[in-house]
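Structure first, then comments.
Atoms within a ligand are numbered from 1 in the order they appear, just like the ligands themselves.
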Amino acid sequence: MNFEKKLRSLSVGEVSLEEPLKNHCSWKIGGPADALVEPGTPEEAARLLLFAREEGLPLIVIGRGTNLLFSDRGIRGIVLKLGSRFAGWSVSGRTVIVRSGQWVPRLVRNLAEGGLSGLEHAAGIPGSFGGLVAMNGGSLRRSVSDNILFVTALSRDGGVRQFSREECAFSYRTSLFQNALRPGRKGWIILEAVLECGEEDPSTLRRELLRVLAERKGKFPLKQPNCGSVFTNAPEIYAEAGAPGKIVEETGLKGLRAGDAQVSSLHANFIVNLGGATARDVLTLMGEIRRRVHRRIGHWLASEVLYADEEGNLVPASERCL
Ligand SMILES: Cc1cc2nc3c(=O)[nH]c(=O)nc-3n(C[C@H](O)[C@H](O)[C@H](O)COP(=O)(O)OP(=O)(O)OC[C@H]3O[C@@H](n4cnc5c(N)ncnc54)[C@H](O)[C@@H]3O)c2cc1C
């Protein structure tokens, strides 16, 4: 039985073979994955994990690919995507259970309309809820972990476990779940999480959402493919030299180009794809930025963006710069 028939016979969800990964990330960059599978239930996801394990195939999990740079050669293995087929949430009082494929902007808007507060800072973050939890994403000095009570996750051998907030090892833009299922590691796939929200007048929340969204619209190059902030805001560098965008701008790098990848002229911590950028272009540009910044301030910037290589390793893109 070939790869495709075997996968389909297992009932693991929607299977696409030789799927271009540039269609599954906000940078619009990346070669084909041998298979991209979108499960709709935890059982389908568990069957897929066991299949990958038995076949010895690399497997990575993604949401909307808004924090990922895929290799130009794609991935020789399986990409497990938790997206719209794995979406939804339920509310009971101030407690909200959210499935990991849920599109974050819609969740934030709906919670606000229902008078539930806490996630306003995540308005406009264009990812899945699972991605937001794995990255411990947020803005305005807040993170999604501020409102998390529990996370339910699936292990490589198909077992389900509930983690308390403390067990999730949340820290600035990272968590226990980042790099889920990286080969050789005991990884976890987030299935859902329980949030505890506050209560607030819906019209107050609506005003706050509009304020956050307007601020983002003015600051970020939202019309060109990008991956959000490229470099992390490390506290020790911030204390000396400020935020990464300011540092890159003051190094005179706005507009710097490598192929079709360019440092945004609107926000210097964003790299935009001018049309035909490759992963190689982005890694070359990041390398140049890091070297010039290091020369000026004596610090190496690390990236928030993760690079997925052909073997299915997920590492900070700054570790693979050219
Ligand atoms: C225009 C723009 C603006 C942005 N602004 C912000 C911002 O203000 N604040 C911010 O924090 N981020 C921001 N980002 C980055 C990004 O949107 C967030 O990190 C987002 O939460 C990632 O979600 P995703 O579904 O796209 O994850 P992906 O990029 O698909 O994956 C990111 C990581 O999460 C892991 N992952 C994804 N789903 C799961 C799961 N179910 N279980 C386990 N691991 C999983 C992946 O393996 C990978 O390691 C921005 C991005 C863009 C393009």
> Using 4.0 Å as the upper bound for N to carboxylate O, is an ion pair formed by R76 and D34?
Replying inline: yes

> Parallel, tilted or perpendicular: which fits the ring planes of F163 and F177, with parallel below 30° and perpendicular above 60°?
Replying inline: perpendicular

> Any luck finding a side-chain donor-acceptor pair between S229 and R173 under 3.5 Å?
Replying inline: no

> Would you say R206 has more than 12 foreign heavy atoms packed within less than 6.0 Å of its CZ?
Replying inline: no

> Would you say ligand 1 has an N or O under 3.5 Å from any N or O of N67?
Replying inline: yes

>> Does ligand 1 come near enough to G137 that some N or O of the ligand is less than 3.5 Å from an N or O of the residue?
In response: no

>> I want to know if ligand 1 touches G138 in the polar sense, i.e. an N/O pair below 3.5 angstrom.
In response: yes

> Counting both backbone and side chain atoms, is some N or O of V61 under 3.5 Å from an N or O of ligand 1?
Replying inline: yes

> Taking only heavy atoms of L314, which atoms of ligand 1 are found under 4.0 Å from at least one of them?
Replying inline: 47 (O), 49 (O)

> Quick check: does R64 get an N/O under 3.5 Å from an N/O on ligand 1?
Replying inline: yes

> Where is the tightest heavy-atom contact between F150 and S164, given as atom of each residue plus distance?
Replying inline: CD2-CA, 3.9 Å

> If every non-hydrogen atom of A122 is compared with every non-hydrogen atom of L132, which pair is closest and at what distance?
Replying inline: CB-CD2, 4.4 Å

> Any N or O on Q178 sitting closer than 3.5 Å to an N or O of ligand 1?
Replying inline: no

> Between I125 and ligand 1, is there a nitrogen or oxygen pair with a distance under 3.5 Å?
Replying inline: no

> Heavy-atom distance to atom 21 (O) of ligand 1: which of L132, T174, V315 wins?
Replying inline: L132

> Based purely on interatomic distance, does T66 place a nitrogen or oxygen under 3.5 Å from a nitrogen or oxygen of ligand 1?
Replying inline: yes

>> List ligand 1 atoms under 4.0 Å from G65, heavy atoms only on the residue side.
In response: 26 (O), 28 (P), 29 (O), 30 (O)

>> Using salt bridge (charged side-chain N to carboxylate O under 4.0 Å, His left out), reason through R161 and E167 one step at a time and then give a plain yes or no.
In response: CA-CA 11 Å; R161 184 180 149 188; E167 289 171 322; 3.4 Å; yes

Acceptor/donor pairs from residues 85-92 side chains to any protein atom, 3.5 angstrom cut, sequence neighbours excluded:
from	atom 1	to	atom 2	distance (Å)
R85	NH1	E38	O	2.6

>> Using a 4.0 Å cut-off to any heavy atom of W188, which atoms of ligand 1 qualify?
In response: 43 (C)

> Going by the atom numbers of ligand 1, which of them fall below 4.0 Å from some non-hydrogen atom of L82?
Replying inline: 41 (N)

> Does R216 reach ligand 1 with a nitrogen or oxygen that is under 3.5 Å from one of the ligand's nitrogen or oxygen atoms?
Replying inline: yes

> Under 3.5 Å between some N or O of ligand 1 and some N or O of A134?
Replying inline: no

> So, T251 and R296: side-chain donor and acceptor under 3.5 Å apart, yes or no?
Replying inline: yes

